[in-house]
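To start, the structure under review is shown below, and the notes come after it.
Fair warning: this is a prediction, and the values are worked out from it, not measured in the lab. Throughout, a chain's letter reflects where its sequence line sits, starting with A, and its residues are numbered from 1.
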Number of protein chains: 2
Amino acid sequence: MKPPQEVLADYLARQNLKMTAQRRLILDVFLREKNHLSAEELYAKIKTQDPSVGQATVYRTLKLLTEARLAEEVNFADGVLRYEPLYGIEHHDHLICEGCGKNIEIMDPVIERRQEELARKHGFVLSRHKMNLYGLCEKCRKKNKAPKKTTPG
Amino acid sequence: MKPPQEVLADYLARQNLKMTAQRRLILDVFLREKNHLSAEELYAKIKTQDPSVGQATVYRTLKLLTEARLAEEVNFADGVLRYEPLYGIEHHDHLICEGCGKNIEIMDPVIERRQEELARKHGFVLSRHKMNLYGLCEKCRKKNKAPKKTTPG
DNA sequence: ATAGATGCAAATGGTTTGCAGAGCT
DNA sequence: AGCTCTGCAAACCATTTGCATCTAT
């Protein structure tokens with residue numbers, strides 16, 4: 001499998017775009033992350049490595065990485081677009097705790113297969129899907145079970 | 001089953017909020033829609049009925065309807081938040097054509113069950129989920145199969 | 001009477017864009 | 001050399017908020 005830098009280089013070449021120091025840096029920092037970063041968060045990390053990089057470049061490069069299939073947009077419904085590395089990563093979905101924000105990556109072949117079948121039944125051919133499951137994790141359920149404190153005293 | 005107006009009235013009462021002409025109107029117009037409207041789109045429709053209603057009120061009321069479980073936010077990843085009526089409507093997911101934007105409501109018990117199992121395995125109890133399948137519908141696949149036109153003449 | 005609702009307009013905040021200068025190829 | 005990139009700041013645009021006024025309860 002081609003290293004991600006090469007994937008990007010190839011994509012850029014194919015599109016007649018150019019490889020730059022910024023793009024290399026952004027890709028590097030981005031891939032090092034295991035969390036789902038927003039553009040702003042990534043921008044902050046980038047700045048610690050090279051304060052001269054502009055925020056617009058981070059936004060633009062994330063779009064580029066998405067097109068190059070090195071990143072994927074994920075939307076946790078909190079108004080901010082996040083990105084997750086896609087390089088060498090198996091497809092997965094998300095199980096999100098509404099209490100603490102914890103986020104577990106899940107993947108179920110049965111669901112995947114049914115999705116395809118379902119789509120086919122409607123004449124669709126799928127290119128991708130997003131599935132987010134929202135609920136409460138064990139810890140947060142226990143936390144909430146505790147009796148509500150009235151103002152003490 | 002309680003009529004939606006009553007559902008809203010009950011919710012408002014429970015929260016010590018008030019029923020107003022605007023809220024009634026917005027609920028009415030909203031429920032009459034079968035499409036997934038953005039706040040702006042709903043605002044436009046509302047204005048034809050009563051031009052005096054402010055846009056902020058539409059935004060605020062949609063949030064209210066969501067809390068009252070009469071509406072549900074849906075996010076098709078195009079930067080705009082849409083709402084769909086939830087009153088008396090079975091839960092369903094979405095199959096979206098990336099070619100023409102067509103949107104089919106789907107629901108599969110097998111997937112629903114697996115989701116619960118999957119969540120339980122991780123110690124979660126689910127409150128809700130969103131699943132969007134993206135692909136191309138039959139028409140759009142045929143359209144795209146046609147050889148690319150070069151500038152004619 | 002009074003807490004809450006409304007409309008307006010201004011503010012917000014994530015994201016995009018125009019532009020002049022810099023950098024790849 | 002020429003087309004693309006970059007950083008900056010301004011622009012965008014959906015959504016939210018402050019406030020004076022109005023209204024349901």
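Remark on DNA chain D: of its neighbouring residues Ser38(B) and Thr20(B), the 5'-side contact belongs to Ser38(B), judged by nearest-heavy-atom nucleotide. Both Pro51(B) and Gln15(B) sit near DNA chain C, but only Gln15(B) has its closest nucleotide nearer the 5' end.
Between Lys63(A) atom NZ and Glu67(A) atom CD the span is 8.5 Å, to the nearest 0.5 Å. Glu40(B) CD to Leu81(B) CG: the interatomic distance, rounded to the nearest 0.5 Å, is 11.5 Å. One finds the CG atom of Leu62(A) at 13.0 Å from the OH atom of Tyr43(A) (value rounded to the nearest 0.5 Å). A distance of 5.0 Å separates CG in Leu64(B) from CZ in Arg23(B), rounded to the nearest 0.5 Å.
Of all nucleotides listed (dC8(D), dG7(C), dT15(D)), dT15(D) comes nearest to the side chain of Leu81(B). Nearest to the side-chain atoms of Lys18(A) among the listed nucleotides dT15(C), dT4(D), dC8(D) stands dT4(D). You'll find that the side chain of Glu40(B) is closest to dA14(D), out of dA9(D), dA14(D), dA5(C). Of the candidates dC8(D), dA9(C), dA14(D), dA14(D) carries the atom nearest the Val80(B) side chain, counting heavy atoms from C-beta on.
Taking atom CE of Met19(B) as the reference point, atom P of dA3(C) lies 22 Å away to the nearest angstrom. Between the CZ atom of Arg24(A) and the C1' atom of dT6(D) there is a distance of 15 Å, given to the nearest Å. Atom-to-atom, CG of Asn16(B) to P of dA1(C) comes out at 21 Å; the value is rounded to the nearest Å. Residue Tyr11(B) contributes atom OH, which lies 14 Å from atom C1' of dG4(C) at whole-angstrom precision. dG14(C) atom C1' lies 9 Å from atom CD of Gln55(A), rounded to whole Å.
Of the side-chain N and O atoms in Tyr59(B), one or more sit less than 4.0 angstrom from OP1 or OP2 of dT15(D). Put simply, Gln22(B) has a side-chain N or O that comes within less than 4.0 Å of OP1 or OP2 on dG7(C). Dashed line: the shortest gap from a side-chain N or O of Lys63(A) to OP1 or OP2 of dT15(C) is not under 4.0 Å.
In the interface, the side chain of Arg60(B) is paired with the base of dG7(C) through a donor and an acceptor atom under 3.5 Å apart.
Ser52(A) comes within 4.0 angstrom of sugar-phosphate atoms only, judged by non-hydrogen atoms across all strands, and of no base.
Hydrophobic cluster membership is shared by Tyr87(B) and Ile46(B), with clusters built from Ile, Leu, Val, Met, Phe, Trp and Tyr side chains linked at under 4.5 angstrom.
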